[in-house]
Amino acid sequence: MKIKIATWNVNSVRARMTVIASWIEKEKPDILCLQELKATEEQFPRQELCDLGYHSAVNGQVRWNGVAIVSLAPLADVETDLKGFLPEQKRMISGSVHGIRLINVYVPNGRDIDHPGFQEKLRYFEVLREYALASPGPTVILGDFNVAPGPVDTHSPEEQDGMICYHPLEREQISQFFSAGFTDVFRRFYPEGKAYSWWDYRAGSFRRKRGMRLDLVLANREADEIITNCFIDMEPRGWERPSDHTPVVFEMAVSE
DNA sequence: ATGGCCGGGAAGCCCGGA
């Protein structure tokens, strides 16, 4: 059977619940990985999602960060600790479903190249890679990586070169995932051409098509082999009260 | 190009986002 999985930075799960419910109704994903909940587990709209038929595994935090995996089938072996790194920032939740390991991440933004947060961001990728490589079987890392992997993934690569989310050291970290055997799933289906998953709220960026592809699906070989499709759904970015990110969706052929 | 917009929590602004 085929299952549909999506990743979406919703920029507050409570402010976005109407939009999320509409999108679920439209796309009917089997699994939805959310980032930037800006909510604690107690504040998370578990009941509303339950009414839509979904289980929720939540790693929440007051005000900032927070991630969740929302799934029709219950999740097994849920983990929220990333090798003890940045334990106070709730940025990772992983779990297994249909024999697939899903690692849902919200990578630190880094603030600025000169800010200590930038070094923390680079380190985050290393720790995440170690964690993902230790997972046996089909494994997918998905979420908001806060990096555009290459020039076709951002609106003005020349001007942005060296800036946050398009710095050579950040892009090098994404390359390291490729060297380690992970595939950029979206680019397997769309090898070239501008494609974005985030547009700044300011400056009419969405209307002016000035965005970045910051939300990625990275699959190891076993997972990549059974992924049959991947696309970015730009529609909800144009809805009322949207997130500044839009969902990245893929499908997998699983045995049951 | 700049930054213009958002969200949350504390407070009537500030921080963080990217």
Side-chain angles (χ1 to χ4, degrees), chain A residues 7-21 23 34-45 48 58-68 86 88-92 104-125 128 142-174 194-216 232 234 236-248:
Chain A
T7 174
W8 194 3
N9 177 325
V10 289
N11 184 22
S12 171
V13 70
R14 287 172 290 166
R16 217 62 65 210
M17 200 50 218
T18 306
V19 164
I20 293 170
W23 190 77
L34 302 174
Q35 303 91 36
E36 250 195 302
L37 304 180
K38 293 186 173 176
T40 61
E41 182 162 3
E42 293 70 35
Q43 296 168 322
F44 186 85
E48 285 178 75
V58 181
N59 186 19
Q61 174 180 341
V62 67
R63 195 166 188 192
W64 290 311
N65 308 318
V67 286
L86 300 178
E88 72 286 0
Q89 300 183 28
K90 308 306 183 189
R91 296 181 176 275
M92 196 284 295
N104 176 23
V105 288
Y106 175 45
V107 175
N109 163 275
R111 303 282 294 280
D112 215 332
I113 308 306
D114 301 327
H115 193 277
F118 186 68
Q119 297 305 320
E120 209 169 78
K121 179 179 190 176
L122 297 178
R123 179 74 187 137
Y124 196 91
F125 288 118
L128 174 62
L142 71 171
D144 180 357
F145 283 70
N146 266 318
V147 182
V152 290
D153 301 310
T154 188
H155 56 88
S156 314
E158 293 80 12
E159 288 84 340
Q160 290 174 291
D161 194 9
M163 296 169 71
I164 199 75
C165 298
Y166 195 62
H167 190 282
L169 290 172
E170 296 174 275
R171 282 177 275 153
E172 167 61 20
Q173 284 295 334
I174 300 299
K194 294 278 188 183
Y196 311 133
S197 64
W198 169 85
W199 298 262
D200 200 313
Y201 282 123
R202 297 168 292 187
S205 300
F206 185 58
R207 177 177 48 80
R208 294 163 61 201
K209 305 185 194 314
R210 293 168 59 86
M212 300 177 83
R213 190 170 68 95
L214 306 179
D215 302 273
L216 307 179
I232 298 173
M234 288 174 42
R237 184 62 180 82
W239 292 350
E240 287 294 312
R241 279 197 90 191
S243 168
D244 46 356
H245 295 251
T246 212
V248 182

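Reminder, nothing fancy here: chain letters follow the sequence lines and each chain counts from 1.
Residues satisfying the side-chain contact (heavy atoms from CB on, under 4.5 Å) test with A:R202, not counting sequence neighbours, are A:D200. Annotation: side-chain contact (heavy atoms from CB on, under 4.5 Å) contacts of A:P116 (sequence neighbours excluded): none. With sequence neighbours excluded, the residues satisfying side-chain contact (heavy atoms from CB on, under 4.5 Å) with A:F206 are A:W199, A:M234, A:R237. Every side-chain hydrogen bond (donor to acceptor under 3.5 Å, both in side chains) that A:E170 has, sequence neighbours left out, goes to A:K121. When the side-chain hydrogen bond (donor to acceptor under 3.5 Å, both in side chains) test is applied to A:D215, the partners found at least two apart in sequence or on another chain are A:S197, A:H245.
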**Message:** Using a 4.0 Å heavy-atom cut-off to protein, can you give one letter per nucleotide of nucleotides 9-18 of chain B, 5' to 3': B if the base is in contact, S if only the sugar-phosphate is, - if neither?
**Reply:** B----BBBBB
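Within a 6.0 Å sphere centred on NZ of A:K194, other residues, nucleotides and ligands contribute more than 12 heavy atoms.
Separating the CZ atom of A:F44 from the P atom of B:dG7 is a distance of 18 Å, rounded to the nearest angstrom. What separates CZ of A:R208 from P of B:dG3 is a distance of 14 Å, to the nearest Å.
Comparing the C1' positions of B:dA1 and B:dC14 gives an interatomic distance of 26 Å, to the nearest angstrom. Nucleotides B:dG9 and B:dG3 are separated by 25 Å at their C1' atoms, to the nearest Å.
Distances shown here put every side-chain N or O of A:R237 at or beyond 4.0 Å from the OP1 or OP2 atom of B:dC6.
Checking B:dT2, B:dG7, B:dG4 against every side-chain atom of A:A203, the shortest atom distance belongs to B:dG4.
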